[in-house]
2 protein chains.
Amino acid sequence: MPSPRLLLVEDDLSLAELLQYRFEAEGYDVIATADGDEAMLLATEQAPDLVILDWMVEGTSGIEICRRLRRDKETAHVPIVMLTARGSEDDRIRGLETGADDYVTKPFSPRELIARVSAVLRRVRPALAGEMLEVGDIKLDATSHRVTRRGQSLQLGPTEFRLLKFFMEHPGRVFSRGQLLDAVWGTGSDIELRTVDVHIRRLRKGITLEGGKDPVRTVRSAGYAFEAV
Amino acid sequence: MPSPRLLLVEDDLSLAELLQYRFEAEGYDVIATADGDEAMLLATEQAPDLVILDWMVEGTSGIEICRRLRRDKETAHVPIVMLTARGSEDDRIRGLETGADDYVTKPFSPRELIARVSAVLRRVRPALAGEMLEVGDIKLDATSHRVTRRGQSLQLGPTEFRLLKFFMEHPGRVFSRGQLLDAVWGTGSDIELRTVDVHIRRLRKGITLEGGKDPVRTVRSAGYAFEAV
DNA sequence: GCCTTTTGTTACCGCCTTATGACAAGGAGG
DNA sequence: CCTCCTTGTCATAAGGCGGTAACAAAAGGC
């Protein structure tokens with residue numbers, strides 16, 4: 001199971017340290033910062049799987065960071081959990097409407113925050129929570145690095161496996177070649193867009209071995225999508 | 001925008017009525033029940049997009065319903081929002097660990113619940129939270145790049161897709177050929193005005209395949225408009 | 001009713017996008 | 001050090017798509 005990567009934005013240093021310790025004990029990778037502007041940088045550079053955001057941090061307000069994360073295409077889909085000392089309903093609603101995926105009201109126990117983070121991750125990226133992905137008749141177990149179709153075990157190369165995993169985490173959705181490069185090869189990889197075609201080809205070959213239908217849909221001038229056949 | 005379907009499981013009848021009223025005013029379809037066993041039935045038969053579940057309902061405890069919903073493959077992926085009168089941390093964590101996607105602690109305002117439900121839906125099924133365009137009987141999902149009419153999937157080329165999307169974003173309005181060129185082909189494209197006619201033709205052809213009415217209205221000496229038939 | 005203007009429709013050709021196989025460089029493992 | 005596997009790139013083929021022109025049809029204007 002890969003370690004989910006968390007970005008923790010919290011300017012109360014003792015709380016930040018406590019949380020970092022607890023989350024690392026749970027098997028998370030934690031990147032912490034107390035500064036709002038640095039948070040924006042880290043969010044794009046480190047590509048965290050989830051952001052924990054204090055409502056009030058130095059530099060920028062948490063809600064503003066949230067809004068900026070949502071606006072930037074790179075980070076628009078990263079789930080956000082807000083920490084707020086205020087219990088007022090308006091603030092909570094504003095947080096949710098700004099695009100936070102969840103919030104926790106101080107004071108809270110680390111255990112509760114961990115449960116919420118894990119719930120959000122389970123929802124957004126099942127593979128990170130150790131679950132088995134299943135789309136149509138294809139099953140992918142990220143933990144054991146195994147793919148099966150109708151019980152038949154499939155043989156995929158490393159890149160094809162990551163590509164398939166990403167697709168299965170977002171079934172039905174169309175991704176451009178650029179998006180796929182970012183998601184599967186890593187942001188900033190300097191690779192020809194056309195290379196994606198080749199790996200799509202290899203993935204198709206590996207997946208349709210037993211005469212099964214092709215779950216990869218080509219969307220002309222847009223990219224590719226993965227869906228149940 | 002399609003109406004998301006909610007299953008509301010709540011045995012406090014006055015609260016249930018209030019919520020049903022408020023959610024319907026927000027454009028949701030609400031199925032309500034006060035009984036736990038009936039809830040299980042409705043969950044499989046009605047295939048709701050989300051379940052709002054009171055912690056304590058007659059027949060079965062909410063948490064038990066939650067567990068059973070998760071266990072059944074049909075309903076395992078339906079998001080669940082729990083309503084709980086108890087504020088104790090243990091209960092909340094137990095709720096999340098059981099598989100609830102969110103919980104709201106009583107007393108709460110309908111507005112807050114609505115915000116949470118909409119946040120969960122946005123996360124889980126973007127198509128239900130507004131990424132889907134709908135005009136008349138035609139649906140366009142930009143995320144999956146799909147167009148359907150009365151359930152029938154339509155086949156459109158890239159340009160026709162963009163043209164239709166633009167039309168559906170501004171239904172009823174008349175656009176000149178020049179405006180369409182700017183919007184769909186991009187500003188500064190050096191293309192014959194009459195080319196638009198051809199693509200309108202192709203769009204019509206693709207959309208009226210199954211004998212449906214033509215939603216594209218020709219406005220002589222002005223341009224074209226798209227409207228519900 | 002006749003003429004003019006505007007739109008509908010079809011056909012065609014070139015171009016752009018995608019599919020596919022081959023190949024060489026790089027790396028892991030023995 | 002050698003071998004096998006993986007991977008990125010390229011060349012080429014195939015096919016769909018798009019823009020244009022030409023002609024037919026329809027709608028207004030008189």
Side-chain angles (χ1 to χ4, degrees), chain A residues 145-147 153-167 174-209 213-227, chain B residues 145-147 153-167 174-209 212-227 229:
Chain A
H145 234 253
R146 221 148 246 239
V147 186
S153 176
L154 299 181
Q155 198 80 17
L156 296 180
T159 307
E160 283 70 56
F161 181 84
R162 291 200 310 277
L163 182 58
L164 177 62
K165 180 173 150 219
F166 178 73
F167 268 134
V174 175
F175 296 96
S176 70
R177 292 178 174 75
Q179 288 176 308
L180 290 174
L181 279 183
D182 282 350
V184 178
W185 278 258
T187 313
S189 64
D190 186 26
I191 290 187
E192 282 291 320
L193 284 179
R194 286 279 146 221
T195 300
V196 174
D197 296 32
V198 179
H199 285 276
I200 289 284
R201 154 79 175 147
R202 288 169 180 157
L203 174 58
R204 279 176 166 151
K205 208 171 194 174
I207 268 192
T208 58
L209 266 187
K213 277 209 163 181
D214 181 8
V216 181
R217 175 167 56 112
T218 302
V219 181
R220 202 160 238 274
S221 80
Y224 298 94
F226 185 90
E227 47 206 5
Chain B
H145 238 260
R146 276 233 143 101
V147 185
S153 177
L154 300 181
Q155 198 79 19
L156 297 179
T159 307
E160 284 70 57
F161 183 85
R162 292 200 309 277
L163 182 58
L164 176 61
K165 182 169 164 227
F166 177 73
F167 269 134
V174 177
F175 296 97
S176 72
R177 291 177 176 74
Q179 288 175 308
L180 290 174
L181 278 182
D182 282 350
V184 178
W185 278 257
T187 314
S189 63
D190 186 25
I191 291 187
E192 283 291 321
L193 284 178
R194 294 304 309 281
T195 299
V196 174
D197 296 31
V198 179
H199 284 279
I200 289 284
R201 154 72 176 153
R202 287 170 179 155
L203 175 58
R204 280 174 165 153
K205 204 173 193 172
I207 271 191
T208 59
L209 265 187
K213 277 209 161 183
D214 181 8
V216 181
R217 179 167 55 106
T218 303
V219 182
R220 203 180 167 80
S221 77
Y224 298 93
F226 185 90
E227 46 204 7
V229 287

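Residue numbers start from 1 in every chain, and the chains themselves are labelled A, B, ... in the order their sequence lines are given, proteins ahead of strands. Bear in mind the structure is a predicted one, so any value in this text is a computation, not a measurement.
A ring-centre distance under 6.0 Å is not found for Phe226(B) and Phe175(B).
In this structure, CG of Leu180(A) is placed 13 Å from P of dG8(D), rounded to the nearest angstrom. Straight-line distance from the CG atom of Asp190(A) to the C1' atom of dG8(D): 11 Å, rounded to whole Å. Atom pair Leu163(B):CG and dC17(D):P shows a separation of 15 Å (rounding to whole Å applied). Put simply, CG on Leu156(A) is 15 Å from C1' on dT7(D), counting in whole angstrom units. Atom CG of Leu193(B) is separated from atom C1' of dA21(D) by 15 Å (rounded to the nearest Å).
How far OG of Ser153(B) is from CG of Leu209(B): 10.5 Å, rounded to the nearest 0.5 Å. Expressed to the nearest 0.5 Å, how far OG of Ser176(B) lies from CG of Leu193(B) amounts to 8.0 Å. With rounding to the nearest 0.5 angstrom, the CH2 atom of Trp185(B) is 13.5 Å from the CG atom of Asp190(B). Residue Thr195(A) holds its OG1 atom at 12.0 Å from CD1 of Ile200(A), rounded to the nearest 0.5 Å. Interatomic distance, Ile207(B) CD1 to Leu164(B) CG, rounded to the nearest 0.5 Å: 4.5 Å.
In this structure, Tyr224(B) reaches the sugar-phosphate backbone alone: every heavy-atom distance under 4.0 Å involves primed, P, OP1 or OP2 atoms, never a base. Among the protein residues, Glu160(B) comes within range of the sugar-phosphate backbone only, with heavy atoms under 4.0 Å from sugar or phosphate atoms but none that close to a base. Residue Thr195(B) is classed as a base contact, given a heavy-atom separation below 4.0 Å to a base.
Of the residues in residues 197-207 of chain B, Val198(B), His199(B), Arg202(B) come within less than 4.0 Å of DNA chain D through at least one heavy atom, sorted by number.
The pair Arg201(A)-Glu160(A) fails the salt-bridge criterion, with no side-chain N (NZ, NE, NH1 or NH2) lying under 4.0 Å from an Asp/Glu carboxylate O.
Residues Phe167(B) and Leu203(B) form a side-chain contact, since some pair of their non-hydrogen atoms from C-beta on lies under 4.5 Å apart.
Closest to the Ile191(A) side chain, of the nucleotides dG8(D), dG19(D), dT7(D), is dG8(D). Listed nucleotides dA21(D), dT7(D), dC17(D) differ in distance to Pro158(B); the shortest reach to its side chain belongs to dC17(D).
Remark: side-chain polar atoms of Arg220(A) are not paired, donor with acceptor, to backbone N or O of Pro158(B) under 3.5 angstrom.
Residue Trp185(A) places none of its side-chain N or O atoms closer than 4.0 Å to OP1 or OP2 of dT7(D).
Nearest heavy atom pair, residue Leu156(A) against residue Gly206(A), reads CD2-CA, 3.9 Å.
Exactly one of Gln179(A), Arg217(A), Arg204(A), Arg177(A) qualifies for a side chain to side chain donor-acceptor pair (under 3.5 Å) with Tyr224(A). That residue is Arg177(A).
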Under 3.5 Å, N/O pairs linking protein and nucleotides 23-30 of chain D:
from	atom 1	to	atom 2	distance (Å)
dA27(D)	O4'	Arg220(B)	NH1	3.3
dA27(D)	N3	Arg220(B)	NH2	3.4

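Extent of DNA chain C lying under 4.0 Å from chain A heavy atoms, first and last nucleotide in 5' to 3' order, is dT17(C) to dA22(C).
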